[in-house]
Amino acid sequence: EEKKKKKEKKKQAASRKKTIEERKNFYWIESLRDSNALAAEMPSTAQVCVMDREADFYELFYEPRHPQVELLVRAKHNRLTDGQYKLFDTLRRSKVRSTLSIQIPRQSARPKLSKQKARPHRPARSAQVALRYREIELPPPCAHKDKAPVRLWVVHIREKTPPADETPLEWFLLTTIAVTSNRFAEECIRWYRLRWRIEDWHRVLKSGCGTEKLANRTAERLRRGIAINMVIAWRIMLMTLLGRECPELPAEVLFSDIEIEVLSAYAVKKNIDPPTQLGEAVQLVASLGGYLGRKKDPPPGHQIMWKGYAILQILCDGYLMSRSVDTV
């Protein structure tokens, strides 16, 4: 453990000697600059850049922003403030503004992988949290003493009574948005809770669509292939989410006529009614991907959906080929 700490300190010291453009986390600033450029094209549209703990560094908050671009970053560092206490204790000692109920989704167990720790199963539960928020001034770090401090708002939630053997839910969210009421604070929490969807989308894009395995010979063709896969990944994400939240929508909202014909034929084979609603069509796609649909099973996830959707496309190709042969 001591060796690990020393190694981490050396790594941090070496990182501080690099310019910000040379550091790994510079892509967060590039992302903010992209949002600034986009805001110039859409001046009437507000943007909120939601970022995880890796984006908690001074240079990002000091970076110039378009008036229509805001930051929402989960804090990683317990920084010094302009007050008596450090950041985390300052918020924990602040006045409780409200009590909220946060739904924590279930999490499946995961074995230890090469770069990831093992993860135990976690059932879904509801966490009762205390809500706090306040404006705060963060002085510049030692490497930037010549620069001005940054003023941010901090939204803090902390679980009051977690279940036994569970770590209390606690978030510190740094934002450039003026959080002057419970409504603004709750909006920040809602936006941050949606952040994980981009991780799911990247997983579908890389593992489901196999984007990292593209073997195009030119950069232009690679960009085109990635662009196509980005749309497919978005479609699978939307299919998964709408199938859960809006199952009563018509199947035609997300499925083509050919896809519905093939799914209808598959339904007849399974002795069930052809799909007319979106939820029914999504369940059939999940079934193609191996989903059993037992009473205790959770709704189908992205991995099941991308497997099922890939099989559906093969079936659609076969159906179209057979139909073209019949017309010859």
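Residue numbers run from 1 in the order of the sequence given. Everything numeric here is computed off the predicted structure, so don't read it as measured data.
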Nearest-0.5 Å distance, CZ of residue Arg65 to CG of residue Asn36: 8.5 Å

Trace of the side-chain contact (heavy atoms from CB on, under 4.5 Å) decision for Leu173 with Leu72: CA-CA 7 Å; Leu173 304 180; Leu72 178 62; 4.0 Å; yes

Candidate pair Phe184 and Val155, rule side-chain contact (heavy atoms from CB on, under 4.5 Å), full reasoning: CA-CA 10 Å; Phe184 284 113; Val155 178; over 6 Å; no

Test side chain to side chain donor-acceptor pair (under 3.5 Å) applied to Glu170 and His156, step by step: CA-CA 7 Å; Glu170 185 173 32; His156 173 238; 2.9 Å; yes

Nearest-0.5 Å distance that lies between atom CG in Asp317 and atom CG in Leu315: 9.0 Å

Closest approach of Asn25 to Glu54 (non-hydrogen atoms, all atoms of both residues): CB-O, 4.3 Å

Gap between atom CZ of Phe88 and atom CZ of Phe172 - 0.5 Å precision: 5.0 Å

Enclosure of Phe57 CZ (heavy-atom neighbours >12, cutoff 6.0 Å): yes

Distance-minimising heavy-atom pair for Gln283 and Pro300: NE2-CD, 3.9 Å

Where Ala39 and Gln47 come nearest, the two heavy atoms and their spacing: N-NE2, 3.4 Å

Side chain Arg193, main chain Ile104, donor-acceptor under 3.5 Å: no

Sequence-distant partners of Arg223, side chain to side chain donor-acceptor pair (under 3.5 Å), two or more places apart: Glu220

Spacing of Asn78 atom CG and Leu91 atom CG [to the nearest 0.5 Å]: 10.0 Å

Separation of Leu278 CG from Glu252 CD (nearest 0.5 Å): 9.5 Å

Non-hydrogen atoms of Gln103 and Ser126 that approach each other most closely: NE2-OG, 3.2 Å

Asp89/Arg92 ion pair, N-O < 4.0 Å: yes

Distance (rounded to the nearest 0.5 Å) between Cys316 SG and Asp257 CG: 11.0 Å

Verify same cluster id: Val253, Met305 (apolar side-chain graph, 4.5 Å): yes

Minimal non-hydrogen separation, Arg132 against Ser94, with atom names: NE-O, 3.0 Å

Ring pair (Phe, Tyr, Trp, His ring centres under 6.0 Å) contacts in which one or both residues fall within residues 125-150, not counting sequence neighbours: Tyr58-His144

Expected output: side-chain Glu280 to main-chain Gln277 donor-acceptor under 3.5 Å: yes

Qualifying residue for side chain to side chain donor-acceptor pair (under 3.5 Å) with Glu199, from His202, Arg195, Arg197: Arg195

Distance-only polar pair, side chains of Glu259 and Tyr319, donor-acceptor under 3.5 Å: no

Non-hydrogen side-chain atoms of Leu87 and Ile136 separated by less than 4.5 Å: yes

Test item: Glu186 and Leu100 side chains (from C-beta on) under 4.5 Å apart, heavy atoms: yes

Within residues 74-83 or reaching into it, pairs that qualify as salt bridge (charged side-chain N to carboxylate O under 4.0 Å, His left out) - sequence neighbours excluded: Asp56-Arg79

Sidechain-backbone polar pair: Arg235 side chain, Leu254 backbone, donor-acceptor under 3.5 Å: yes

Inter- and intrachain pairs under salt bridge (charged side-chain N to carboxylate O under 4.0 Å, His left out), touching residues 285-312, at least two apart: Arg294-Asp297

Glu135 side chain vs Trp153 backbone, donor-acceptor pair below 3.5 Å: no

Set of residues satisfying side-chain contact (heavy atoms from CB on, under 4.5 Å) with respect to Pro274, sequence neighbours excluded: Ser264

Donor-acceptor under 3.5 Å (Ser31 side chain, Tyr27 main chain): no

Glu248 vs Cys246, side-chain contact (heavy atoms from CB on, under 4.5 Å): CA-CA, chis, key distance, verdict: CA-CA 5 Å; Glu248 72 285 352; Cys246 307; 4.1 Å; yes

Salt bridge (charged side-chain N to carboxylate O under 4.0 Å, His left out) contacts in which one or both residues fall within residues 159-168, not counting sequence neighbours: Arg125-Glu159

Short side-chain donor-acceptor distance under 3.5 Å, Glu187 and Tyr192: no

NZ (Lys86) with more than 12 external heavy atoms under 6.0 Å: no

Leu71/Leu174 under side-chain contact (heavy atoms from CB on, under 4.5 Å): CA gap, chis, key distance, verdict: CA-CA 8 Å; Leu71 290 172; Leu174 306 172; over 6 Å; no

Leu205 backbone acceptor or donor facing Asn229 side chain under 3.5 Å: no

Derivation of the side chain to side chain donor-acceptor pair (under 3.5 Å) call for Arg203 and Gln303: CA-CA 9 Å; Arg203 182 166 174 259; Gln303 185 168 340; 2.6 Å; yes

Under 3.5 Å donor-acceptor, Thr90 side chain and Tyr85 backbone: yes

Nearest non-hydrogen partners of Cys209 and Ile232, listed with the distance: SG-CG2, 4.0 Å

